[in-house]
Amino acid sequence: MYTFLAMLPIIIVFVLLVVMRLPAKYAMSLAYLATAALSYFVWHTSGNQVAAATIHGVLTAVNVLFIVFSAILILNTLKESGAITAIRRGFMDISPDRRVQMIIVAWLFGCLIEGSTGWGTPSAVAAPLLLALGFPAMACVMAVLIIQSTPVSYGAVGTPLLIGVNSGLENKEDVMSALAGINKDLPAYIFDISGNVGLIHGLVGFLIPLILCGFLTRFFGQKRSFIEGLKAAPFAIFAGLAFTVPYALTAKFIGPELPSIVGSIVGMALVIPAAKRGFLTPKETFDFGPRESWDKEWVSELAVTNTDDKNTPNFSVLRAFAPYLIIIAILIVTRTVKPLKAFLNSDAVTIAYSNILGTTITNKTQLLYSPGSVLLLVSIICIFLFSMKGDMVKRSWSASAKTMLAAAPALLFSVPMVQVFINSGSAPDAAVQMLAMPKVLATAAAGAFEGMWPLVSPWIGALGAFIAGSNTVSNMMFAHFQWGTATQIGLDVVAAGKVVALQAVGGAAGNMISVHNVVAACAVVGLVNREGYVIRKTLISMTYYVVQAGLIGMALIFSPMWWIGAVAWPILFLIVMSKTGAKA
């Protein structure tokens, strides 16, 4: 009964958002009320704890809205200045094929953003750029959410592993004792786990560009054909390997800080020149149909600048693209220069609310470290870079504020719902002890599937990311649980580390369907109230990812015979996608 009740908030979200396709602001408000009621009446969570979790969620949502506003402001600034026309022209010069453009912008550029800063920032940067290139808004959101899988475990310079997994395992007596038995310390163990994460992600993720192409043509092409996307297979697989090979090698031999950054830089260095020369690119160019033929669900509320406007300033491609180069440079510097990073995260420049309402819940706002501050700063630089007039600036700020306010209701309910869910459970001194709802679900899964645990392990990670909107938080919640389950079913310390790696991989894949991420991604392209349509698509790709990761885990931990399943599953997935209809 408790397992079902713990699942109930997720069921409510799925039914209202995905099945009934209600706007997130309605679905998440009902889900919040249900979660709060369950937490208080069934899980015996104190009223102060529920209220504190809600306050923490609201403050976190405000931080997300700041990032949303700044991301939309960059787009509107580039549109008002006319720089978007030059950016669009630059990508058209690389290739007019929309599949190729999507691979370069979403997969390679998006992975670079993820590796630099994480926390959903690819949505804030890459999605508006795709929109500016003339992609349907829903295709933009779908693409940036699907790529928030492979690079995520090393996002924000390795935070999901260095902070997430490390926090989940450190100071745990059983873990420390087992590591002492093999003469290994926790940092070295995390390094080994990082190498396995890179291997598994690489073996699963190299097909993500091909899946992106298939989804693009199936859902947004005139023919609604997945096979039309598969025609880009040589180029898509090349782009996938150009990222995942250096990425996996970096994870294995250097550590968790740089795999996504190195993979994307090497990938762009290989793929962009290849695309310009037509190497492995499709013979037939794919483009969308006339805009007036697009389904209304695809279309953004943000106006798209007319590319044929003769009054648009004629900026060079380098000058027009400079804001994105500045964003990348600032993100990398602030995340890798340790003294600067320490200052930006220091208490002196952090807004903190400790022990909210007498609980252990604390909220910290690191305003200067936020990607929103970087995006806002670059938006201001653009005013001078593009010699914008006052009326242009006013229009861009006004339009950005309106879009942010439209996204606010959904985020102001979804993030508090997540925090109440995570912080449920009885107080330590209560007569009846109740685990938090996520732990109840994970424990039930362990009891039901312990003999096949590597198959299930990625799903637990995905569940954590779906709930929390973060691979890091998912790893914090479940890394020790995964390790403990692995040892209970008889696995040694090395194999248990591989199970933790599967947790991290699943947690990365769960970002594709996290309501928190979906709402934010939809907001930055003006696609408010259509979140359910997006999740129906990204849920398919997430299923591919976690099933394939589980099969690889079984092969690495139990028997090489499972490699047969790991080879067969992607083929079966692509065949089924090619045969089914376009609606999702």
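Evaluation of the side chain to side chain donor-acceptor pair (under 3.5 Å) test over residues 97-111, restricted to residues two or more places apart or in two chains, returns Asp97-Arg99, Arg98-Gln101, Arg98-Asp287. Sorted by first and then second residue, the pairs that involve residues 137-158 and meet ring pair (Phe, Tyr, Trp, His ring centres under 6.0 Å), not counting sequence neighbours, are Tyr154-Tyr247. Judged as a salt bridge (charged side-chain N to carboxylate O under 4.0 Å, His left out), the pairs with a partner in residues 388-402 (not counting sequence neighbours) are, in order, Glu80-Arg395, Asp391-Arg395. The list of ring pair (Phe, Tyr, Trp, His ring centres under 6.0 Å) pairs with a residue in residues 8-36, not counting sequence neighbours, is empty.
Remark: Tyr40 OH is loosely packed, at most 12 non-hydrogen atoms of other residues, nucleotides or ligands lying under 6.0 Å away.
Leu376 CG to Ile381 CD1: the interatomic distance, rounded to the nearest 0.5 Å, is 10.0 Å. With rounding to the nearest 0.5 Å, the separation of CD1 in Ile12 from CE in Met28 is 10.0 Å. If you take CG on Leu368 and OG1 on Thr350, they are separated by 8.0 Å, rounding to the nearest 0.5 Å. Here the straight-line distance linking atom CD1 of Ile113 with atom OH of Tyr324 works out to 9.0 Å at 0.5 Å rounding. To the nearest 0.5 angstrom, Thr35 atom OG1 is 6.0 Å from Met437 atom CE.
A donor-acceptor pair is defined here as one N or O able to donate and one able to accept, closer than 3.5 Å; such a pair exists between the side chain of Asn511 and the backbone of Gly507. Side-chain atoms of Thr403 come within 3.5 Å of backbone N or O of Ala399 as a donor-acceptor pair. The main-chain N or O of Ile146 is never found under 3.5 Å from a side-chain atom of Ser541 such that the two would form a donor-acceptor pair. A donor-acceptor contact shorter than 3.5 Å links the side chain of Ser70 to the backbone of Gly372.
Exactly one residue among Leu73, Ile327, Ile72 makes a side-chain contact (heavy atoms from CB on, under 4.5 Å) with Leu375. That residue is Ile327.
Minimum interatomic distance between Leu145 and Met512 (heavy atoms only, all atoms of both residues): O-CG, 3.3 Å. Taking every heavy atom of both residues into account, Val519 and Glu531 meet most closely at CG2-CG, 3.9 Å. Here the closest heavy-atom approach between residue Ile147 and residue Gly110 is recorded as CD1-C, 3.8 Å. Shortest non-hydrogen contact noted between Ala27 and Leu17 is CB-CD1, 4.0 Å. Ala53 approaches Ile361 most closely through the heavy-atom pair N-CD1, 3.6 Å. Considering all non-hydrogen atoms of both residues, Val546 and Gly506 come closest at CG1-CA, 4.4 Å.
Aromatic ring centres of Phe386 and Phe315 lie closer together than 6.0 Å. Two rings, from Phe69 and Phe66, have their centers 6.0 Å or more apart. Proximity of the aromatic rings of Trp298 and Phe288 is defined here by a centroid distance below 6.0 angstrom, and this criterion is not met.
The existence of a salt bridge linking Arg224 and Asp295 is confirmed by a sub-4.0 Å separation between a basic side-chain nitrogen and an acidic carboxylate oxygen.
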Evaluation steps, side-chain contact (heavy atoms from CB on, under 4.5 Å), between Ile356 and Thr362: CA-CA 6 Å; Ile356 300 172; Thr362 297; 5.9 Å; no

From CA spacing to verdict: side-chain contact (heavy atoms from CB on, under 4.5 Å), Tyr353, His56: CA-CA 9 Å; Tyr353 301 93; His56 176 41; over 6 Å; no

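Partners of Thr150 according to the side chain to side chain donor-acceptor pair (under 3.5 Å) rule, which considers only residues two or more places apart in sequence or in another chain, are Tyr545.
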Show me, pair by pair, the donor-acceptor contacts under 3.5 angstrom made by side chains of residues 407-422, not counting sequence neighbours?
residue	atom	partner	partner atom	Å
Ser414	OG	Ala410	O	3.0
Gln419	OE1	Asn423	ND2	3.4

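When only modelled atom types and interatomic distance are considered, Asn63 and Thr365 share a side-chain donor-acceptor pair under 3.5 Å. Side chains of Ser39 and Thr45: a donor-acceptor N/O pair is present below 3.5 angstrom, by distance only.
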